[in-house]
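Every chain is numbered from 1, with letters handed out A, B, ... down the list of sequences.
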Amino acid sequence: MIKITFRDGSIKEYPQGTTVMDIARDISPGLARNALAAKLNGRKVDLTVPVNEDSSIDILTFDSEEGQDVYRHSTAHIMAQAVQRLFPGVKFGIGPAITDGYYYDFDVPENFSPEDLERIEEEMQKIIREDRPFERTEVSREEALKMFGEAGEIYKVELINDLPEDAVISCYRQGEFIDLCAGPHVPSTGKIKSVKLMNLAGAYWRGSEKNKMLQRIYGTSFPKKSLLDEHLYRIEEAKRRDHRKLGAELDLFSMQDEGPGFPFFHPKGMVLRNELEDFWRQEHKKAGYHEIRTPVILNRSLWEQSGHWDHYRENMYFTNIDDLDYAVKPMNCPGGILVYKSKLHSYRDLPIRLAELGLVHRHELSGALHGLMRVRCFNQDDAHIFMLPSQVTYEIIGVIDLIDRFYRVFGFEYHVELSTKPEKAMGSDEIWEMATEALKKALETRGMEYKINEGDGAFYGPKIDFHLRDCLGRTWQCGTIQLDFLMPEKFDLNYIGEDGQKHRPVMIHRVVFGSIERFIGILIEHFAGAFPVWLSPVQVKILTVTDRGLKYAREILATLEDNDIRGETDGRNEKIGYKIREAQLEKVPYMLVIGDREVENRTVAVRKRGEGDLGARDLAGFVETVKNEIAGKC
RNA sequence: GCCGAAGUAGCUCAGUGGCAGAGCAACGCACUCGUAAUGCGUAGGCCGGGGGUUCAAAUCCCCUCUUCGGCUCCA
């Protein structure tokens with residue numbers, strides 16, 4: 001007998017050689033039905049493996065991410081099989097599970113069409129109905145190379161050759177289809193219920209543009225139709241909230257052919273933007289920052305000195321003035337540094353926190369542009385903190401607190417990642433080590449959990465990234481804190497210490513919103529355009545029932561304006577239902593319906609977005625309510 | 001930048017070689033109306049741009065720009 005330890009810590013005995021499936025069946029028929037694969041002593045395995053020694057077992061179902069991965073990966077194999085049936089001679093790339101689905105890369109002479117996807121999906125249904133078992137075989141490297149080599153599977157051969165010496169090479173077969181695969185897989189193709197092919201895209205073999213472009217088909221699958229429907233609904237919802245669509249509908253901003261990647265902000269977009277910036281200025285003033293503004297175009301020599309010329313040139317724009325080379329700034333730091341250097345500093349002055357809503361330009365690949373989320377010019381809510389080495393941890397914690405305060409106001413949750421030295425980096429390993437440790441220490445002092453991203457830092461220093469989560473569960477990188485021991489060196493920054501000697505300050509680069517443009521894009525999608533009152537371009541819309549209400553409507557508007565409430569009047573000759581519908585589509589938080597009754601009683605009939613008709617009340621009380629909501633950033 | 005798709009009225013879209021269309025929006029007129037679309041009428045187009053094929057091009061071919069979906073990159 002062998003002892004099996006379950007996830008909950010309970011232990012049970014089984015005869016040696018009992019399969020994982022048998023064990024699942026023994027626990028409950030329901031679990032056996034839902035079981036997809038298992039983790040045996042932490043290693044993912046098929047349900048068919050026999051257990052020969054005391055082990056811990058975790059049965060994987062669709063409820064866990066790992067279970068979903070197995071499920072989707074098996075679906076990817078089914079898709080590959082379908083493609084092989086319909087397109088003989090296809091060569092296979094890779095076909096992993098990804099968040100919410102899977103993909104498989106194919107090398108086919110002709111590009112797939114949307115109709116092909118339908119055919120492939122139908123063929124997949126057929127394979128599922130055939131309920132073919134997934135069978136695992138382990139082969140030697142030679143056998144594997146021979147098998148895939150003879151089949152002309154050049155990509156698989158490349159993969160096999162790149163496997164480490166000691167790797168166990170396994171293949172999975174379902175029916176006539178066999179694929180190189182580490183597994184595990186669901187027991188049989190019939191286990192897959194609802195499949196859907198989502199879209200089609202080109203993708204380079206191994207992600208390198210030096211390699212051949214393969215055809216990638218994305219798909220997803222779920223054990224229940226209702227789950228698939230829910231997923232499709234979420235995608236629809238994301239589409240419905242697309243900031244590019246809402247941005248046009250709500251007249252916030254536009255993109256023009258004359259400036260690809262350079263957004264145009266319209267009056268209503270500017271209201272939103274200015275609210276964000278006002279809030280930002282208030283908070284930064286409170287946190288001890290001083291605002292500066294530095295030029296957009298600066299001399300080449302500055303960029304050579306900062307290292308951007310060597311490390312960032314491909315993303316920069318250049319110009320020539322009076323026969324001298326200039327660059328359009330892609331970052332604000334050199335400008336901030338020049339401000340610091342413009343006078344002598346005492347250790348008593350430090351830390352100096354210089355904030356700048358700086359307009360930067362970066363040459364992004366044309367294919368990467370995406371609404372406000374990926375643009376070629378944007379405003380960073382930047383700041384550079386110059387400090388004593390002894391102040392580093394305290395300052396970093398201060399920035400973390402500031403960022404935390406901001407995200408709470410918008411109702412965003414977030415997580416933190418720490419990025420370390422990249423390949424293209426300046427400076428010695430020792431400096432990087434020191435800077436990275438300082439960031440870790442700040443995170444740990446504040447008791448924050450974090451994930452490490454090896455090699456993902458900026459070229460001048462390691463960084464902490466803040467990833468916020470929107471209401472659809474998507475994450476966006478916004479805030480970052482980057483520690484920099486290098487720029488102070490390059491620019492020979494110093495301060496006069498207690499000893500009267502020059503010393504080198506340490507520098508932090510940090511942003512909270514990241515890019516104002518992108519943050520606005522995120523807000524649009526997060527709120528589906530229905531902004532909280534304090535951010536709404538129009539906070540109150542006054543709707544007259546007949547033109548007898550016009551005079552009173554103007555009085556109301558004046559009162560709103562006196563109270564710093566953004567109002568608008570709709571006095572057109574239209575039915576009230578029509579005006580309400582329009583204001584509703586504009587997502588205005590409050591409407592005031594003004595008919596004869598209101599004119600007579602000097603009241604306003606309030607209609608609130610999302611709640612409907614709230615009835616009549618006096619104007620002063622309504623103004624108070626709205627003012628309080630604005631002040632409370634509701 | 002690369003692969004694929006698309007670009008027709010302000011918006012959403014129809015129009016596959018023979019007179020450029022619809023709905024919504026806009027404008028005009030009538031209706032003075034109570035919580036998500038009143039009716040009638042009018043106007044609106046270099047069919048993204050350039051070149052070519054053709055008696056004839058929104059439509060076929062070439063180039064180019066932009067957008068969209070990906071790859072890649074990142075705030």
Residues Tyr590(A) and Glu629(A): side-chain donor-acceptor under 3.5 angstrom: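 Distance-only check passes for Tyr590(A) and Glu629(A).
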Residues His266(A) and Asp251(A): side-chain donor-acceptor under 3.5 angstrom: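 Side chains of His266(A) and Asp251(A): pair found under 3.5 Å.
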Arg119(A) NZ/CZ over Phe87(A) ring centroid, <6.0 Å and within 45° of normal: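 Positive - Arg119(A) is close enough to the ring of Phe87(A) and near enough to its axis.
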Cationic tip of Arg216(A) above Tyr103(A) ring, under 6.0 Å, 45° of axis: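 Yes, Arg216(A) and Tyr103(A) form such a contact.
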Suppose you measure atom [atom1] in [N] against the same atom in [M]; what distance do you get, rounded to whole Å?
| N | M | atom1 | result |
| --- | --- | --- | --- |
| U42(B) | C46(B) | C1' | 24 Å |
| A5(B) | C60(B) | P | 13 Å |
| G21(B) | C62(B) | C1' | 29 Å |
| U54(B) | C61(B) | P | 16 Å |
| C31(B) | A37(B) | P | 22 Å |
| G51(B) | U16(B) | P | 26 Å |
| G23(B) | A9(B) | C1' | 12 Å |
| U38(B) | C24(B) | C1' | 16 Å |

Distance-only donor-acceptor test (3.5 Å): side chain Glu364(A), base A75(B):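 A donor-acceptor contact between them is present.
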Donor-acceptor pair present, Glu598(A) side chain and G34(B) base, under 3.5 Å: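 Present.
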May I have the distance from [X] (atom [atom1]) to [N] (atom [atom2]), rounded to whole angstrom?
| X | N | atom1 | atom2 | value |
| --- | --- | --- | --- | --- |
| Asp570(A) | U32(B) | CG | P | 19 Å |
| Ile520(A) | A75(B) | CD1 | C1' | 13 Å |
| Lys579(A) | C31(B) | NZ | P | 16 Å |
| Asp596(A) | U32(B) | CG | P | 13 Å |
| Asn573(A) | G28(B) | CG | P | 11 Å |
| Glu258(A) | G48(B) | CD | C1' | 11 Å |
| Tyr578(A) | C24(B) | OH | C1' | 9 Å |
| Met255(A) | U66(B) | CE | C1' | 12 Å |

Mind checking if [X] touches a base, just sugar-phosphate, or nothing, with heavy atoms under 4.0 Å?
| X | value |
| --- | --- |
| Val545(A) | base |
| Glu314(A) | nothing |
| Lys463(A) | sugar-phosphate |
| Ala605(A) | base |

Position toward the 5' end of RNA chain B (nearest nucleotide), Gly595(A) or Arg518(A):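 Counting from the 5' end, the first nearest nucleotide belongs to Gly595(A).
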Nearest-nucleotide comparison on RNA chain B, the residue closer to the 5′ end among Asp456(A) and Leu214(A):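 The residue whose closest nucleotide sits nearer the 5' end is Leu214(A).
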Find the partner of [N]: check Watson-Crick (N1-N3 plus N6-O4 or O6-N4) and G-U wobble (N1-O2, O6-N3) distances, both under 3.5 Å, and reply none if neither fits.
| N | result |
| --- | --- |
| U16(B) | none |
| C68(B) | G4(B) |
| C46(B) | none |
| C60(B) | G52(B) |
| C31(B) | none |
| C24(B) | G10(B) |

Give me, pair by pair, the N or O atoms of the protein and of nucleotides 6-8 of chain B that are less than 3.5 Å apart, along with how far apart they are.
none

Ring centroids of Phe513(A) and A75(B) base under 5.5 Å with planes under 30°: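 According to the criterion (under 5.5 Å, under 30°), no, Phe513(A) does not stack.
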Lys/Arg-Asp/Glu bridge criterion (N-O < 4.0 Å) met for Glu586(A), Arg581(A):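 Salt bridge between Glu586(A) and Arg581(A), a charged N being under 4.0 Å from a carboxylate O: no.
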Given C33(B), G34(B), A36(B), the nucleotide with the shortest approach to the side chain of Arg581(A):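 Nucleotide nearest to Arg581(A)'s side chain: A36(B).
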Sole candidate of Met79(A), His77(A), His73(A), Gln68(A) that passes side-chain contact (heavy atoms from CB on, under 4.5 Å) when paired with Tyr102(A):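 The option that passes is Met79(A).
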Students often mix this up, so state it plainly: with edges at 30° and 60°, are the rings of [X] and [Y] parallel, tilted or perpendicular?
| X | Y | answer |
| --- | --- | --- |
| His370(A) | His243(A) | tilted |
| Phe106(A) | Tyr104(A) | parallel |
| Phe412(A) | Phe519(A) | perpendicular |
| Tyr460(A) | His509(A) | parallel |
| Phe279(A) | Phe410(A) | perpendicular |

Within-4.5 Å side-chain heavy-atom neighbours: Glu454(A) and Ile452(A):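 In short, these two side chains touch, coming nearer than 4.5 Å.
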Sidechain-backbone polar pair: His311(A) side chain, Gly307(A) backbone, donor-acceptor under 3.5 Å: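 Indeed, once roles are kept as given, a pair shorter than 3.5 Å links the two residues.
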Within residues 400-407 of chain A: residues closer than 4.0 Å to RNA chain B (heavy atoms):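 None, since no heavy atom is under 4.0 Å.
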Close approaches to RNA chain B from residues 474-484 of chain A, in residue order (heavy atom, under 4.0 Å):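 Those residues whose heavy atoms fall under 4.0 Å from RNA chain B, taken from residues 474-484 of chain A in numerical order, are Gln477(A), Cys478(A).
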Candidate pair Lys463(A) and Glu417(A), rule salt bridge (Lys or Arg N to Asp or Glu O under 4.0 Å), full reasoning: CA-CA 8 Å; Lys463(A) 58 177 183 172; Glu417(A) 297 183 8; over 6 Å; no
Among Arg240(A), Lys239(A), Arg244(A), side-chain hydrogen bond (donor to acceptor under 3.5 Å, both in side chains) partner for Asp242(A):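 Output: one option passes, namely Arg244(A).
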